[in-house]
Amino acid sequence: MTSKEYKNHIAIVGATGTGKTALAQRLAAAVEDVELISVDAMAVYIGFDIGTAKPLGMERSRFKWHLLDLVEADREFSVAEFQEKFNESIAQIEVERKRAILVGGTGLYHRAIIDNLELPSRYPEIAKELEDKWSQPSGAEELYGLLVKLDSKAAEKILPNNMRRVVRALEVTLGSGRPFSSFGPGLTLYEPNNIQLFGLSMDRKDLSQRLSLRLDMQLETGFVEEVRKLYREKEISKTARQAIGYAEIFDYLEDKLTFDEAKEKILKRTRDYAKRQEAWFRRDPRVCWLKGSEEENFRVIYEYMTFSGHVGY
């Protein structure tokens, strides 16, 4: 450690459409030695640009961005892989004695990297067998009973009718040979660290209108053409295909939805997603919520980055 003082890394979180990226870029322009890290599960896919509101053009070239365009859209990409890439990026930033601004709204990805969660692997073949079993008569009851037998601690926290969570717990338990509950406290523990979280909040009615205007702009600037190009040129992974906006436009291109139906569905999914994001980040007591104007929010974070204490590397 040299005599120079290094301030904390920060993360800007909150619902989609609240202005996280714009604020992060403004801070990066104003504060010396800052690099930006995207925390967006869909922005990792090459070609998923307009629909993910990915920084492009001058926005992209003006600042040093990490964790954008990591894989082709035909690949599955896991939280564990993202965690590994983040660790590489943050190590590089710290070696160069710089600071990071994490920006994005994928809550699980934020928790995985900020808290260095121990993430169990995926076992797709086992998961498929379990899902098939669940759909059979008495399958759900039998699988929950198996979970109670193999990992009663996990079963206590999962409702018997929650297929996704029961199957995931059994998938990990059977695939890894370890109880699902043995993978640490997970999402229920919020420990202090050297990344200060700032949350952007907005009146729900204002955000709803803002999301509608953003979708109009995305459609006007080539969103459908972007998806059509992806549709023609490559296979799309299951995860990528379910991305908000992309899934609906794929259905439009396959004549499963009209354009207006696709647009309406995109907007509804986006608004619902924004509510879930807000609820997710509200559970984290470490988030400092900012409710001021764009200028006021900038000033708060700028002063923190300029005058706060040391990073505990």
Side-chain angles (χ1 to χ4, degrees), residues 5-41 43 52-55 59 62-68 82-83 86 89-90 93-94 98-117 187 189-204 206-207 210-211 214 273-313:
E5 294 184 357
Y6 296 100
K7 311 299 190 296
N8 291 354
H9 305 305
I10 72 164
I12 302 176
V13 303
T16 183
T18 52
K20 299 183 297 295
T21 300
L23 179 56
Q25 291 182 144
R26 186 176 175 190
L27 288 162
V31 180
E32 186 181 3
D33 295 335
V34 165
E35 296 185 4
L36 301 170
I37 300 181
S38 168
V39 189
D40 186 307
T52 61
K54 188 183 295 179
E59 284 186 339
R62 185 181 179 190
F63 307 104
K64 179 66 178 292
W65 278 94
H66 297 260
L67 308 190
L68 293 171
F82 188 88
Q83 189 180 49
F86 170 80
S89 291
I90 203 71
I93 290 170
E94 291 181 351
K98 296 180 179 180
R99 286 171 287 172
I101 298 178
L102 286 59
V103 56
T106 304
L108 180 58
Y109 281 39
H110 267 285
R111 288 300 310 276
I113 60 180
I114 288 173
D115 294 310
N116 195 30
L117 299 180
L187 300 175
L189 184 65
Y190 299 92
E191 294 185 331
N193 54 46
N194 73 325
I195 300 178
Q196 174 60 50
L197 286 79
F198 292 96
L200 300 189
S201 185
M202 185 177 293
D203 176 81
R204 186 163 291 176
D206 292 340
L207 180 58
R210 186 164 176 166
L211 293 173
R214 186 180 71 173
Y273 179 52
K275 293 176 187 176
R276 294 196 303 274
Q277 288 175 300
E278 176 86 7
W280 174 285
F281 290 114
R282 285 287 178 186
R283 289 193 290 268
D284 192 332
R286 300 167 300 184
V287 177
C288 173
W289 288 96
L290 305 178
K291 300 179 181 179
S293 66
E294 181 180 336
E295 184 63 35
E296 290 168 336
N297 293 343
F298 168 79
R299 182 57 52 188
V300 169
I301 302 179
Y302 176 80
E303 290 181 356
Y304 173 86
M305 297 187 73
T306 306
F307 302 113
S308 67
H310 301 271
V311 173
Y313 293 161

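Computed from a predicted model, the values in this text were never measured in an experiment. By convention here, the first residue in the shown sequence is residue 1.
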### Query
Hey, mind stepping through Q277 and T18 against side-chain contact (heavy atoms from CB on, under 4.5 Å) and telling me if it holds?
CA-CA 11 Å; Q277 288 175 300; T18 52; over 6 Å; no
### Task
May I have the step-by-step check of side-chain contact (heavy atoms from CB on, under 4.5 Å) for E59 and W65, ending in yes or no?
CA-CA 10 Å; E59 284 186 339; W65 278 94; 5.7 Å; no
### Message
Would the distance check show the side chain of H66 and the main-chain N or O of L102 forming a donor-acceptor pair, the cut-off being under 3.5 Å?
### Response
no
### Query
Can you tell me how far CD of Q196 sits from CD1 of I12, rounded to the nearest 0.5 angstrom?
11.0 Å
### Query
How far does CZ of R26 sit from OH of Y302, to the nearest 0.5 angstrom?
11.0 Å
### Task
State, yes or no, whether a side-chain contact exists between M305 and I101 at a heavy-atom distance under 4.5 Å.
yes
### Query
Does L68 reach the side chain of P55, with side-chain heavy atoms less than 4.5 Å apart?
yes
### Task
Hey, can you tell me if Y109 and F82 have their rings parallel, tilted or perpendicular (30° and 60° cut-offs)?
tilted
### Query
So do the side chains of R283 and Y190 get within less than 4.5 Å of each other, counting heavy atoms only?
yes
### Task
Return yes when atom CZ of R204 has more than 12 non-hydrogen atoms of other residues, nucleotides or ligands closer than 6.0 Å, and no otherwise.
no
### Audit row: L108, W280, side-chain contact (heavy atoms from CB on, under 4.5 Å) steps and yes/no
CA-CA 9 Å; L108 180 58; W280 174 285; 4.2 Å; yes
### Task
For residues V31 and R99, determine if any side-chain heavy atom of one lies less than 4.5 Å from a side-chain heavy atom of the other.
yes
### Message
Looking at every non-hydrogen atom in both residues, tell me the closest pair between A274 and L207 and how far apart they are.
### Response
CB-CD2, 4.1 Å
### Query
Under a 4.5 Å cut-off applied to non-hydrogen side-chain atoms, are R62 and Q25 in contact?
no
### Task
Using a 4.5 Å cut-off on heavy atoms from C-beta on, say whether the side chain of D284 contacts that of H110.
no
### Query
Counting N and O atoms only, with roles assigned by atom type, does the side chain of K291 sit under 3.5 Å from a partner on the main chain of D203, one being a donor and the other an acceptor?
no
#### Entry: Expected output: side-chain Q83 to main-chain A112 donor-acceptor under 3.5 Å
yes
#### Entry: Side chain proximity check, Y304 to L27, heavy atoms < 4.5 angstrom
no
### Task
Go through the steps for W289 and V287 under the test side-chain contact (heavy atoms from CB on, under 4.5 Å), then give the verdict.
CA-CA 6 Å; W289 288 96; V287 177; 3.5 Å; yes
### Query
Under 4.0 Å between a Lys/Arg side-chain N and an Asp/Glu carboxylate O for R286 and D115?
yes
### Query
At what distance, to the nearest 0.5 angstrom, does OG of S201 lie from CZ of R282?
4.5 Å
### Message
Within this structure, what is the OG1-CZ distance for the pair T16 and R210, rounded to the nearest 0.5 Å?
### Response
10.0 Å
### Query
Hey, what do you get for OG1 (T21) to CG (D40), rounding to the nearest 0.5 Å?
8.0 Å
### Query
Quick check: does any side chain N or O of H9 sit under 3.5 Å from a backbone N or O of I195, one acting as donor and the other as acceptor?
no
#### Entry: Nearest atoms (heavy-atom pairs only) where S38 meets A43
OG-CB, 4.0 Å
### Query
What pair of heavy atoms forms the shortest contact from G17 to L211, and how long is it?
CA-CD2, 3.9 Å
### Query
Between NZ of K64 and CD1 of I93, what distance do you get to the nearest 0.5 Å?
7.5 Å
### Task
Flag yes if more than 12 heavy atoms outside F298 fall under 6.0 Å of its CZ atom; otherwise flag no.
yes
### Task
Taking all heavy atoms of A28 and all of L36, pick out the closest pair and write down the distance.
CB-CD2, 4.1 Å
### Query
Taking C-beta and beyond as the side chain, do I113 and I90 meet within less than 4.5 Å on heavy atoms?
no
